[in-house]
Protein chains: 2
Amino acid sequence: MQITPLKELQDRVRNLQRRLQEESLDGALITQKMDLYYFAGSMQNGFLFVPAGQAPLYMVRRNYQRALKESGWEKVLPLKNWGQLSEYLQDYLQKSPKNIGLELDILPVNQYRQLLQIFPGVKFVDISTMIREIRMIKSEYELSCFRQADRIAADIYRKIPGLLEVGKSEIELAAEIETLYRKAGHQGILRMRGFNMEMLFGHAYFGENGDMSTFLDSCTGGEGVTTACPQGSGWRKLNPHEPVGLDYGSVYGGYVLDHTRVFSLGSLPPELEEAYAVALDIQEEVISRAAPGVLCGELYRLALEIATDRGLGDFFMGYKDRKVKFIGHGLGLDLDEFPLLSQVSKHVLQPGMVFALEPKFIFPGKGMLGLENVWHVTEKGVEKITSMPDDLVVVPLK
Amino acid sequence: MQITPLKELQDRVRNLQRRLQEESLDGALITQKMDLYYFAGSMQNGFLFVPAGQAPLYMVRRNYQRALKESGWEKVLPLKNWGQLSEYLQDYLQKSPKNIGLELDILPVNQYRQLLQIFPGVKFVDISTMIREIRMIKSEYELSCFRQADRIAADIYRKIPGLLEVGKSEIELAAEIETLYRKAGHQGILRMRGFNMEMLFGHAYFGENGDMSTFLDSCTGGEGVTTACPQGSGWRKLNPHEPVGLDYGSVYGGYVLDHTRVFSLGSLPPELEEAYAVALDIQEEVISRAAPGVLCGELYRLALEIATDRGLGDFFMGYKDRKVKFIGHGLGLDLDEFPLLSQVSKHVLQPGMVFALEPKFIFPGKGMLGLENVWHVTEKGVEKITSMPDDLVVVPLK
C-alpha cells in the first residue's frame with residue numbers, strides 16, 4: 001500500500017502555513033476527504049488541524065488505527081465526537097484560537113453551525129480557494145503518480161482495438177475497459193470537488209451519443225444506463241464507420257490522468273476525420289503557446305479562433321448554444337482542479353501545474369471528434385504526460 | 001431508459017407539500033441530486049422549487065434538454081444563473097416567498113450564502129429530516145425497482161462459486177463481479193447522502209481483511225488498493241478454508257439493494273461456521289419481532305442479546321471496542337437512508353419502509369461471518385426482498 005512520503009506532507013503543510021500566516025489565521029481545520037488526503041496522507045473520518053506555526057494534529061473519528069498507519073504525522077488522536085475538537089485545539093495551542101480557516105465551498109451548513117457552537121467566539125474564514133491554489137502546483141511525487149497512471153492507461157489503450165465489435169453495446173465495452181483498469185489497481189471511482197458532482201471511471205459513447213451532455217460541466221457525458229445516473233455508457237450498439245469516444249480517468253495513488261481518444265471500426269466520413277485533424281492542430285498551437293506566465297483565457301481564445309478559422313466554430317466544445325466555454329482543466333486528486341482553461345479564467349500558467357487539454361468537436365447526430373492529453377507546466381514550457389499516440393485509431397472491419 | 005412515472009412524482013410532491021403546509025413554509029428549494037431525482041425524476045444541475053400549494057417548477061442550468069425528457073413535470077425552465085431563481089419564483093408565486101425549506105444537511109456554506117443574497121428577507125429552514133422521512137416510506141414503484149435489483153443480484157450470486165480460485169486477488173474477483181453487474185446495467189456507483197462519504201459497487205474481502213473497517217460507519221470496509229481510496233478490495237490473495245465476504249449493492253432505477261453473503265473454498269473452521277449459524281438465528285429472531293410499531297432500537301438490543309447469550313458478544317458488529325452500534329439501515333436511492341436500526345434510534349417501523357438487516361461477526365485475524373438481506377415492512381410484519389439463499393456457500397476444493 002503506497003504511503004504519501006512524510007517529506008511530501010511537510011512541504012504541503014509548509015505551503016499552507018505560509019498562506020495562513022499571510023492571512024493572519026491561527027490555523028486551518030481540514031475535513032474534505034481529498035484535502036485531508038492531500039495534507040494528512042489519509043482520508044479517514046476526521047479533521048486535520050494545521051496551526052499556522054506548529055505541526056498538524058490529525059483527529060480521527062474512524063478508523064483511528066488505520067489513520068495511524070496511513071498518515072506520516074506524529075500527532076494522531078482519536079476523536080469521540082466533534083465536541084472534543086475544541087479541547088484538543090485548546091490543549092495543543094495552549095490558547096483559544098481566534099480565527100480558523102474552513103473549506104466553506106464544500107462544508108454543509110449544518111456541520112458549519114455545529115462548529116460555530118463548538119468554537120464560540122472563533123471567526124471562521126473560507127480558505128477553499130487558498131487550498132485549491134496550493135493543490136494546483138504539483139510536486140515530483142505527484143508527477144510520479146501521474147506517470148504511473150499514464151503507464152496503466154497506455155497499456156489499456158493498446159487493448160481497445162481488440163475490444164471493438166459491431167453490435168457490442170456501450171455498457172459492454174465500458175464493463176470490459178473498467179475491468180482492465182480494476183485489475184491494474186484502479187480505485188474504482190474518480191473524485192470531483194464540486195457540490196453534487198460525481199464521476200465513474202469515465203465515458204464510452206458511440207456515434208450521436210457523443211453529443212449527449214449532462215449535468216456535468218462538459219460538452220460530452222453519454223447517455224447512461226438510467227435516468228438515475230445520467231452519464232457514461234448506455235445501451236446503444238456499435239455500428240461500423242462511426243466515432244467511438246473514450247474519455248477515461250486512469251488513477252494511481254489518487255491522481256487522475258484524464259484522457260480522451262477516438263476509435264472507429266472502419267473509416268469515418270471525411271468531414272469527421274478532418275475535424276479530428278483540426279483538433280490535433282489546435283492542440284499543437286495551444287501547446288506551442290503554453291508556458292509560464294500565459295493567461296489561460298488566452299489559450300481558450302486561441303483554440304476557438306483556430307476552430308472558427310477552419311470553419312468548425314459551430315461544433316467546437318459543443319454544438320452552437322450547447323457549447324462549454326473552456327478547453328481544459330487542472331487535474332490532481334480531483335478531476336476539477338485549478339487551473340481552468342476557460343474564456344473567463346484569471347489563472348496564469350505556472351511551473352508545476354498539471355492540466356488536461358481537450359479540444360473536441362461535437363457533430364449532432366454523428367458524434368464527438370477530438371482528444372485529450374495531460375500536460376505538465378515546466379520552467380520553459382509544457383511537457384506531455386500522456387504517452388499513448390495521438391492519432392485517431394481506425395480499426396479495420398473484419 | 002426508464003422514466004419515473006408522473007403519478008409517482010405527484011404522490012411524492014403531495015407528501016412534501018403536506019409537510020410544508022404543516023410547517024407553514026411557502027415552499028422547498030431542492031437541489032441535492034438524489035432528492036432532485038426523487039421529486040423531479042431527473043438529476044440535472046438545477047433546482048426543483050416545490051411550492052406548498054402549486055405544481056413544482058424545475059429550473060435547470062444543464063442539461064436543460066435532457067431534463068425536459070427525464071422529468072414528468074410540465075414546468076421545466078432553463079436557468080442561466082442562480083440569480084434567476086429569484087425572478088422565477090416571484091413570477092410563479094405572484095409574490096415574494098417568506099420562508100423556504102433547504103437541504104441544510106448537505107448544502108455547502110458558500111452556496112447557502114449565495115442563496116441568502118439572492119433571496120434577501122427570506123427565512124431558510126432546514127428540511128433535510130422532513131425529506132428523509134418522506135423518502136423513508138417506499139411506494140409500489142420503488143419496491144418494483146428493488147425487486148428488479150434483486151433479480152440481477154440473484155443471477156450474479158449464482159455465478160460467484162465459479163469465480164473463486166485459490167490465489168485470485170480480491171481486486172481480480174471484484175473486477176469480475178463489477179463486470180457482471182455493469183453488463184446487467186448497474187449504474188456504476190452507489191450513493192450515500194452523508195458528507196464526505198462515498199461507495200463503490202461494494203466490498204469483497206478475504207480472511208482477516210473482513211476485520212478492516214474504514215472511514216465508513218460500518219464494521220467492515222476492506223483494505224482497498226490505495227490509501228487514496230481506503231475501502232473495498234485490495235491485493236490479498238485467496239486461500240482455501242477462509243471466509244470470502246461479499247457485500248454488494250445491486251442497483252436498478254437508482255434503488256440500491258444492499259446484500260452480503262459469505263463464501264469459502266473448502267470448509268471453514270467450526271467456530272466460524274457456528275458464528276454464521278448464530279447470525280442466521282439473529283436474523284430469524286429479529287425478523288419475527290419486526291412489525292409496524294416496533295422501535296428500531298429494540299431490534300438492535302434483541303440482536304446484541306442473542307449474540308451475547310451465544311457467547312459471541314465480543315465479535316458482534318465489530319470486535320470489542322471497534323463495534324458499530326447498529327444492525328441495519330434504510331435503503332433507497334441512497335445507501336444510508338432512514339430508518340437506522342441502531343442502539344439509540346428513535347425510528348419506529350412503519351409500513352412501506354425498506355431496510356437492510358446485517359448481523360455480522362468479526363473475528364480478528366480470521367474474517368467476517370454474517371449476512372445481509374433487504375426487508376420491506378408491510379401492514380402485518382416484514383417481507384424479504386432479497387431472494388438468494390441465506391446459506392454460507394462452501395465451494396468444494398478442486
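Here is the naming used below: chain letters follow the sequence lines, and residue numbers restart at 1 for every chain. Basis for what follows: all heavy atoms, side chains included, without hydrogens, waters or symmetry-related copies.
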Atom pair [atom1] ([X]) and [atom2] ([Y]), whose distance is rounded to the nearest 0.5 Å:
X         : Y         : atom1 : atom2 : result
Cys219(B) : Asn63(A)  : SG    : CG    : 12.0 Å
Asn110(B) : Tyr112(A) : CG    : OH    : 9.5 Å
Ile171(A) : Lys183(B) : CD1   : NZ    : 10.0 Å
Ile106(A) : Ile106(B) : CD1   : CD1   : 12.0 Å
Thr226(B) : His186(A) : OG1   : NE2   : 11.0 Å

Please report the shortest heavy-atom distance between [X] and [Y], naming the atom on each side.
X         : Y         : value
Lys33(A)  : Asn196(B) : N-OD1, 2.9 Å
Phe195(A) : Leu107(B) : CE2-CD1, 4.1 Å
Thr227(A) : Gln2(B)   : OG1-O, 3.1 Å
Arg191(B) : Ala228(A) : NH2-O, 2.9 Å
Ala175(B) : Arg182(A) : CB-CB, 3.7 Å

Please look at [X] and chain A and tell me whether the side chain, the backbone, both or neither of the residue comes under 4.5 angstrom of a heavy atom of that chain.
X         : answer
Ser218(B) : backbone
Leu216(B) : backbone
Ala174(B) : side chain
Ala184(B) : backbone
Glu178(B) : side chain
Thr31(B)  : both
Asp105(B) : both
Met34(B)  : side chain
Gln111(B) : side chain

Tell me, out of [options], who's got the most heavy-atom pairs with chain B below 4.5 Å.
options                                  : value
Ile3(A), Leu36(A), Asn45(A)              : Asn45(A)
Arg62(A), Gln44(A), Arg322(A), Gln231(A) : Arg62(A)
Phe201(A), Trp235(A), Tyr252(A)          : Trp235(A)

Open item on the list: Using salt bridge (Lys or Arg N to Asp or Glu O under 4.0 Å), reason through Arg66(B) and Glu223(A) one step at a time and then give a plain yes or no.
Closed with: CA-CA 10 Å; Arg66(B) 208 156 165 164; Glu223(A) 190 178 17; over 6 Å; no
- [ ] Test side-chain contact (heavy atoms from CB on, under 4.5 Å) on Met199(B) and Ile189(A) and set out the steps.
- [x] CA-CA 9 Å; Met199(B) 183 55 72; Ile189(A) 199 168; over 6 Å; no
Task: Heavy-atom pairs under 4.5 Å with chain A, option from Glu198(B), Glu70(B), Lys69(B) with the top count - done: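 Maximum pair count with chain A is reached by Glu198(B).
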- [ ] Tell me, out of Gly254(B), Gly188(B), Gly221(B), Gly185(B), who's got the most heavy-atom pairs with chain A below 4.5 Å.
- [x]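 Option with the top pair count is Gly185(B).
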TODO: Answer whether the closest heavy-atom distance between the side chains of Gln187(B) and Leu200(A) falls below 4.5 Å.
DONE: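 Side chain of Gln187(B) against side chain of Leu200(A), heavy atoms only: no contact under 4.5 Å found.
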Open item on the list: Just checking Lys323(B): does its NZ atom have more than 12 heavy atoms from other residues, nucleotides or ligands closer to it than 6.0 angstrom?
Closed with: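 Atom NZ in Lys323(B) is packed in, count exceeds 12.
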